[in-house]
Amino acid sequence: MPPPLVPPGPLATESELLSAPASEYMSARQLAFFRARLIAERDAMLDSAHRTTLHLQEFESPADPSDRASLEEDHTLELRVRDRERKMLHKIDEALARIDNGTFGWCESSGEPIGIARLLARPTATLSVEAQEIHEARRKMRGG
């Protein structure tokens, strides 16, 4: 699905989003801001993953066992970070799909607005703060 038409002019700023009236919630201008932010975050992660791949391909095992163990631990940590980023890439793609289908910014549990401040902090959020707290409380009660 093609991106929604973006109003001409520069993207909105965070302060403009925060000070906008409730009637402008998830307007084309706000959606354009979040689309640009999500795409920039996705591009940065993809670039980082590419650099990691190149770095790991250059791997030369040092002769000293302790140096080798240290290098292997560094690579393990790097791969763990990349795995977290891979999961985040999936969430970014889902958020971009929500922008396209008109559900971005709305709580998937209650249907209420998630809120600009929360989306600025976590643009992949799918739950309002209240719904997230309920979700976490339920997960704690289930022991997981």
Side-chain angles (χ1 to χ4, degrees), residues 1-22 24-140 144:
M1 180 180 266
L5 293 175
V6 178
L11 287 175
T13 64
E14 286 189 18
S15 60
E16 288 173 333
L17 266 65
L18 289 166
S19 64
E24 288 183 27
Y25 187 71
M26 294 301 109
S27 66
R29 192 157 190 247
Q30 290 182 354
L31 291 172
F33 172 91
F34 285 109
R35 176 183 296 285
R37 175 164 282 189
L38 287 161
I39 288 171
E41 191 173 334
R42 181 183 65 190
D43 290 349
M45 282 186 189
L46 290 171
D47 183 55
S48 179
H50 179 69
R51 284 193 318 267
T52 297
T53 301
L54 293 176
H55 176 71
L56 292 175
Q57 287 173 348
E58 296 169 357
F59 178 73
E60 287 185 30
S61 185
D64 180 38
S66 60
D67 287 344
R68 189 174 331 127
S70 177
L71 191 58
E72 287 173 4
E73 181 64 25
D74 288 347
H75 286 179
T76 300
L77 279 170
E78 246 180 288
L79 290 171
R80 220 177 276 148
V81 168
R82 295 302 157 246
D83 188 51
R84 274 197 294 278
E85 287 180 348
R86 180 186 55 77
K87 291 174 184 167
M88 180 55 80
L89 283 170
H90 182 67
K91 288 182 179 188
I92 289 171
D93 288 340
E94 288 176 339
L96 289 168
R98 286 193 304 278
I99 288 174
D100 291 341
N101 70 25
T103 59
F104 181 84
W106 302 95
C107 178
E108 66 182 20
S109 176
S110 68
E112 296 293 317
I114 291 173
I116 295 293
R118 176 155 169 77
L119 290 169
L120 287 171
R122 183 178 294 268
T124 58
T126 59
L127 298 171
S128 65
V129 171
E130 297 79 13
Q132 183 69 39
E133 288 171 352
I134 292 167
H135 175 75
E136 288 174 8
R138 286 182 182 154
R139 194 171 59 204
K140 250 187 196 173

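- Arg42 is listed as a side-chain neighbour of Ile39, based on a closest heavy-atom distance under 4.5 Å.
- Across all non-hydrogen atoms, the minimal contact from Met26 to Phe34 is CE-CE1, 4.0 Å.
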Identify all side-chain donor-acceptor contacts of residues 12-20 below 3.5 Å with residues at least two apart in sequence or on another chain.
residue, atom, partner, partner atom, Å
Thr13, OG1, Ser15, OG, 3.2
Thr13, OG1, Glu16, N, 3.1
Glu14, OE2, Arg37, NH1, 3.4
Glu14, OE2, Arg37, NH2, 2.4
Glu16, OE1, Thr13, N, 2.9
Glu16, OE1, Arg29, NH2, 3.4
Ser19, OG, Ser15, O, 2.9
Ser19, OG, Glu16, O, 3.4

Please output the side-chain donor-acceptor pairs of residues 89-96 that fall under 3.5 Å, not counting sequence neighbours, one pair per line with the distance.
residue, atom, partner, partner atom, Å
His90, NE2, Glu94, OE2, 2.8

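- Contact check on Asp83 versus Arg80 returns no salt bridge, with no Lys/Arg side-chain nitrogen under 4.0 Å from an Asp/Glu carboxylate oxygen.
- Between Glu85 atom CD and Leu46 atom CG the span is 9.0 Å, to the nearest 0.5 Å.
- A distance of 8.5 Å separates CD in Glu133 from OG in Ser128, rounded to the nearest 0.5 Å.
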List the atom pairs, donor and acceptor, that lie under 3.5 Å between side-chain atoms in residues 104-125 and the rest of the protein, sequence neighbours left out.
residue, atom, partner, partner atom, Å
Ser110, OG, Glu112, N, 3.1
Arg118, NE, Leu127, O, 2.8
Arg118, NH2, Leu127, O, 3.4

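- Using a 4.5 Å cut-off on side-chain heavy atoms (C-beta onward), Glu41 and Met45 make contact.
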